[in-house]
Every structure is written in structure tokens, then in C-alpha cells.
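Below, read A as the first sequence line, B as the second, and so on, with proteins coming before strands; counting in each chain starts at 1. Keep in mind that what you see is a predicted model, and the values were worked out from it rather than measured.
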2 protein chains.
Amino acid sequence: MSIKGLFPIDKWDFKSESVLADLPAEDFDLLTAHQTEQVYKKGEIIFREGAYPAGIFYIKAGKVKKYKLDKEGKEHIIYVANKEELLGYHAILSEDRYPDSAASIEESRIAFIPKEDFLAVLNQSPVLNRRLLKTLSHEFAVLANSLSMFAQKNVRERLALQLIVLREKYKVNFKPGMPVEINMSRDDLANLVGTGRENVVRVLTEFKESGILQTQGRKIIINDVNQLIIIADYK
Amino acid sequence: MSIKGLFPIDKWDFKSESVLADLPAEDFDLLTAHQTEQVYKKGEIIFREGAYPAGIFYIKAGKVKKYKLDKEGKEHIIYVANKEELLGYHAILSEDRYPDSAASIEESRIAFIPKEDFLAVLNQSPVLNRRLLKTLSHEFAVLANSLSMFAQKNVRERLALQLIVLREKYKVNFKPGMPVEINMSRDDLANLVGTGRENVVRVLTEFKESGILQTQGRKIIINDVNQLIIIADYK
DNA sequence: TGCAAAATGTGCGATATATCAATTTTTAAA
DNA sequence: TTTAAAAATTGATATATCGCACATTTTGCA
């Protein structure tokens with residue numbers, strides 16, 4: 001029953017969809033009519049799991065972690081959202097409370113769009129509907145991928161994978177061809193990979209010794225992505 | 001930064017949304033105009049990861065597993081879909097290939113609806129649009145929950161949780177008040193929990209000795225769901 | 001620039017889980 | 001009902017990862 005690697009889907013496609021790009025001007029204007037902008041300092045919470053949503057967020061600059069807390073308060077980061085991504089719309093669409101929390105992992109500039117405006121545009125814009133359906137099903141596929149990776153891969157492989165993904169997200173800050181620096185705390189990285197800080201450090205040291213990457217304080221500089229791809233995809 | 005259990009979301013809400021229920025008759029008729037029905041024997045594959053979608057599937061009777069294979073062919077079950085659920089629409093909405101495979105875990109009767117009909121209704125039906133957006137964001141929340149459970153819970157806790165979920169799915173086959181029998185191979189169960197068959201057996205034995213459940217051959221009869229909830233939610 | 005607090009890194013024993021091999025039970029087909 | 005194949009179970013051992021305690025470095029602020 002187990003066919004080996006038939007039609008493998010491209011696991012390295014992590015591009016995030018921009019929901020708002022190319023929206024008809026009319027829709028875009030209505031959507032942004034009452035937006036308010038706010039700067040979130042590093043670590044500041046944007047919304048909390050279980051709270052009722054009052055609107056959606058649009059990241060104009062910075063990076064945001066979406067995470068869940070377990071009973072002991074330990075967080076697991078589900079996703080790192082980059083600038084130009086939309087945030088917190090799942091709760092409104094599912095007519096429920098936030099399924100996860102969000103906080104900035106670096107100083108971020110974020111616009112808030114009231115729920116009413118979002119729903120108003122949703123009711124009149126087939127383009128936004130279609131865009132959201134596409135984004136949501138893409139997100140679903142990415143999440144399903146993360147889930148099975150968790151089930152099937154070890155810490156080393158998961159970390160390699162996350163470094164590849166993060167590299168894409170941090171790329172925008174650096175000139176093409178220049179080495180990309182990932183600036184993320186070991187704790188956040190560990191919570192993303194689903195392990196402890198110590199284990200992340202251990203594997204990073206190993207990668208450093210293999211010449212795959214360098215570290216400068218907290219910064220991680222990726223030298224050899226291909227090597228990471230081989231590790232992440234190995235098993 | 002870690003606030004303990006503030007606004008905990010209800011982790012035990014696993015009800016699946018019925019996308020097609022209460023759809024306007026006009027839309028429903030168009031959707032089902034060219035449907036073809038087929039019986040899938042236990043274990044038969046419905047679609048494969050990476051293939052291009054030709055339509056969507058509606059489970060009229062039976063149960064279906066959605067899964068991903070790793071390089072060695074070991075499968076990880078992402079989700080068990082029950083009757084009356086829609087299948088395979090993510091790929092069409094994301095304009096991509098199937099992100100996972102689907103196969104029946106018991107004899108199932110499944111209708112196939114061609115892509116064209118689905119898209120035609122999607123273009124004209126605000127209700128279907130809204131319904132799909134809601135379903136997708138709900139699914140996303142459930143999946144995100146599974147992901148963080150994987151990161152935070154051990155095999156024992158994950159198995160307890162899956163037994164609770166499966167009990168809900170198998171409930172429909174039994175009279176209210178009657179003990180629910182879960183009829184699933186240990187292999188499928190292990191692939192759902194993300195571990196090996198042997199480990200599932202060991203934990204099941206433990207549960208059996210605690211009086212939480214009984215087994216009759218392959219069947220698992222849950223006696224004490226509350227105990228399972230305590231275990232699954234413990235950490 | 002200097003200092004305290006926070007973050008990072010290291011060693012090691014404890015533990016959960018994976019993995020292999022062998023046995024027993026169940027299932028389904030003749 | 002018999003029987004062979006498939007599935008489930010048990011036991012033993014290997015391995016990855018966890019999590020504590022502690023040392024070191026980095027960071028941000030006065």
C-alpha cells in the first residue's frame with residue numbers, strides 16, 4: 001500500500017500569498033477606510049488565543065509569530081508571518097474565537113482593519129472571496145506538511161527545514177546574492193521546531209562545524225542552503 | 001511572556017462542518033448534476049498526493065483517511081473524514097495539486113463531482129463561498145491544534161486524544177447511550193498518532209488495564225471517555 | 001563605557017520512544 | 001471447519017531527546 005515517493009509535491013514552496021495585492025481599488029479603499037496603524041515592540045502581543053476578534057491585521061513591516069500555549073505556558077510557534085501578510089482573519093471567517101495567539105518577534109508596524117469593513121468588502125467582492133479561498137487552502141497545505149514533518153522527522157531535520165523557511169522570510173532584508181542573516185532568539189527557534197533551546201543549540205553547533213552556517217551572537221548566517229535541503233529531505 | 005491558560009479554546013470541539021447542508025436548491029442541483037457514485041473497498045486509494053485534481057468527492061457512507069507518505073513510504077494520517085464530508089477541494093481552490101492522499105479505511109460510497117461543476121457553482125453562489133471560507137478556517141484551526149499537540153504531547157496523550165476524536169466519528173454507527181466501538185487497524189491508529197504499531201499496542205494495553213477501554217480483536221470499546229480527556233489534557 | 005540581566009552554550013544522567021525479533025491471535029478464504 | 005496469511009502482541013535492546021545544573025557570552029540600558 002505504500003508507494004514510494006510517487007508524484008512528490010514541492011516541499012520547498014513556502015511563498016506566502018499576498019491577499020491584498022491587486023485587489024480592485026474600490027474594494028481596497030473600502031477595506032482600508034478606517035484602518036489604524038500601530039507599532040508593536042519586540043515581543044508585544046497582538047491578539048490572544050480564545051479572544052473574540054474585532055478585526056484583522058495587516059503587517060506593513062516586521063515579523064510576527066503565531067503560536068499556541070500549553071497548560072504550563074510553554075509556547076509552540078505555528079507560523080512566522082512576514083510583512084505584507086494578513087493576520088487574524090481565520091477567527092472572523094470561522095465565526096469563532098482566535099485559535100492561536102500572535103506577537104511580534106521584531107519591531108513591527110501593523111494596520112488594524114475593523115471587522116465590519118472586512119465583512120462588508122467580503123460581501124461584495126468576488127475577488128476577495130476567491131483570493132481568501134486560495135490563500136486558506138494554500139495555508140492548509142503548508143500546515144498539513146508541517147504536521148506530517150513533525151510526525152516523521154527528527155529535531156535535526158526539522159531545524160534544517162525551518163532554517164530554509166526562515167531564510168526565505170529574512171531574504172527581503174538583504175541584497176540578492178548577499179548571505180542572509182536570520183535574527184531570531186534560540187528560544188523562538190526552539191518553539192518553532194518544537195523542542196528545547198538546548199537541542200537547537202546543539203544542532204546549530206553541529207551545522208556550524210559542517211560549514212553549513214555561521215553564527216554571530218544571535219544571528220545565524222546561512223552559507224549552504226543546499227546542504228540544509230539535503231538534511232531536511234533526507235528521510 | 002507566557003501567560004498560563006488564559007482564555008483556553010475548547011480543544012474538544014471536533015465537529016466537522018457539513019459544507020453542502022442547506023445549500024440553496026439551485027446550487028445543490030447544479031453541483032450534483034453530473035455526479036457519479038462509486039464504492040471504494042477498504043484500503044482503496046481515492047486520490048494521490050501530487051496529482052492534479054479533476055473534481056471533488058463527497059462521502060455518502062464510510063470513512064476516509066487523508067495522509068502523507070514520507071520517502072520511505074511510511075504514511076502519516078492527517079485526518080479521518082467521516083460520511084457527509086467533502087474531500088479534495090483544497091487542491092482546486094489553491095489551484096495546485098493534491099497536498100495529500102486519500103484512501104478509504106472501510107468500505108465507502110463516494111460521489112465524484114467534476115471540477116467544472118464545482119467551479120461553476122462557486123462563481124455564482126455567495127452561500128457556497130461563505131460556507132467554504134468558514135469550513136476552511138475551521139479546518140485550519142483544528143489542524144493548528146493537531147500540530148501544537150504533536151509538538152507538546154507524548155504518545156500516550158496523543159493516543160488518548162485521537163481515541164476521543166475517533167469515538168465521535170464512530171458514534172454515528174451506534175445507538176445513543178450504547179458503548180461506541182472503534183474499528184480501526186493498529187497500523188492506521190499508529191499512523192494517526194504518529195508512532196509505531198507496537199507503541200500503540202503498549203499504551204492500549206495500559207488503558208485496558210486501567211479500565212478505560214476494552215478490546216475485542218481489532219475493535220476498541222471506550223468505557224470511560226472522561227479518563228481519556230484527563231490524560232489527553234493533562235500536560 | 002561599564003554593569004546587570006538576559007540570553008546562549010555545554011555536560012550529563014534520566015526517560016520516552018524507536019526498532020528488531022519472535023510469538024500469539026485474528027481474520028478471511030478455501 | 002480448516003488453514004494459511006495477516007495482524008496484533010510481547011519482550012528486549014538501542015537511540016534520540018529531554019531537562020536539569022551550571023558556565024559563558026551577549027545585550028541593552030544607565
Engineer: Check salt bridge (Lys or Arg N to Asp or Glu O under 4.0 Å) between A:K63 and all other residues, then give those that pass, not counting sequence neighbours.
Structural biologist: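 None.
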Engineer: Would you call the rings of A:F47 and A:Y98 parallel, tilted or perpendicular if under 30° counts as parallel and over 60° as perpendicular?
Structural biologist: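 Parallel: the ring planes of A:F47 and A:Y98 meet at under 30°.
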Engineer: Could you tell me the separation between the CG atom of A:L159 and the P atom of C:dG9, rounded to a whole number of Å?
Structural biologist: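 Spelled out: CG on A:L159 to P on C:dG9 is 12 Å.
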Engineer: Using the ring-ring contact (aromatic ring centres under 6.0 Å, His included) criterion, which residues pair with B:Y170? Sequence neighbours excluded.
Structural biologist: none
Engineer: Once you round it to whole Å, what is the distance between P of D:dA7 and CD1 of B:I105?
Structural biologist: 15 Å
Engineer: Anything under 3.5 Å between a donor and an acceptor, one on a side chain of residues 212-222 of chain B, the other on a protein residue two or more places apart or in another chain? List them.
Structural biologist:
unit_1, atom_1, unit_2, atom_2, d
B:Q214, OE1, B:N223, ND2, 3.3
B:T215, OG1, B:K208, NZ, 3.2

Engineer: Measure the distance from CZ on B:R156 to C1' on C:dA16 and round it to the nearest whole Å.
Structural biologist: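 Between C1' of C:dA16 and CZ of B:R156: 13 Å.
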Engineer: Starting the side chain at C-beta, find the nucleotide from D:dA8, C:dG9, D:dC18 nearest to B:D187.
Structural biologist: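 Nearest nucleotide to the side chain: D:dA8.
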Engineer: With sequence neighbours excluded, what pairs up with A:R156 under the side-chain hydrogen bond (donor to acceptor under 3.5 Å, both in side chains) test?
Structural biologist: A:E206
Engineer: Take atom NZ of B:K153 and atom P of C:dA16, then tell me their distance rounded to the nearest Å.
Structural biologist: 15 Å
Engineer: At under 4.0 Å between heavy atoms, how does the protein contact nucleotides 23-30 of chain D? Give one character per nucleotide, 5' to 3', with B, S or -.
Structural biologist: ----S---
Engineer: Just to verify, what does B:E139 make a side-chain hydrogen bond (donor to acceptor under 3.5 Å, both in side chains) with, not counting sequence neighbours?
Structural biologist: B:Y89, B:H90
Engineer: Which residues within residues 194-214 of chain B lie with some heavy atom under 4.0 Å of an atom in DNA chain D?
Structural biologist: B:R197, B:E198, B:V201, B:R202, B:T205
Engineer: Rounded to whole Å, how long is the line connecting atom CZ of A:R186 with atom C1' of C:dT10?
Structural biologist: 15 Å
Engineer: Just to verify, what does B:Y40 make a ring-ring contact (aromatic ring centres under 6.0 Å, His included) with, not counting sequence neighbours?
Structural biologist: none
Engineer: Output the rounded distance in Å from CE (B:M184) to P (D:dA8).
Structural biologist: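 So the CE-P distance, B:M184 to D:dA8, works out to 11 Å.
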Engineer: Check A:K68 against B:N145 and note the closest heavy-atom contact, atom names and distance.
Structural biologist: NZ-OD1, 3.0 Å
Engineer: So if I take the C1' atoms of five pairs at each end of the helix from C:dT1-D:dA30 to C:dA30-D:dT1 and get each local axis, what angle do the two axes make, rounded to 10 degrees?
Structural biologist: 60°
Engineer: To the nearest angstrom, how far is B:Q152 atom CD from D:dC18 atom P?
Structural biologist: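 One finds 12 Å between P of D:dC18 and CD of B:Q152, rounded.
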Engineer: Going by the rule ring-ring contact (aromatic ring centres under 6.0 Å, His included), which residues pair with B:F112 if we only count those two or more places apart in sequence or in a different chain?
Structural biologist: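 Partners of B:F112 under the ring-ring contact (aromatic ring centres under 6.0 Å, His included) test: B:F57.
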Engineer: How would you list, by chain and number, every residue that makes a side-chain hydrogen bond (donor to acceptor under 3.5 Å, both in side chains) with A:E107, sequence neighbours excluded?
Structural biologist: none
Engineer: Quick one: B:D188 CG to D:dA6 C1', roughly how many Å, whole number?
Structural biologist: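 In whole Å, D:dA6 C1' lies 14 Å from B:D188 CG.
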Engineer: Quick one: side-chain hydrogen bond (donor to acceptor under 3.5 Å, both in side chains) partners of B:S104, sequence neighbours excluded?
Structural biologist: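 Counting only residues at least two positions away or on another chain, B:S104 forms no side-chain hydrogen bond (donor to acceptor under 3.5 Å, both in side chains).
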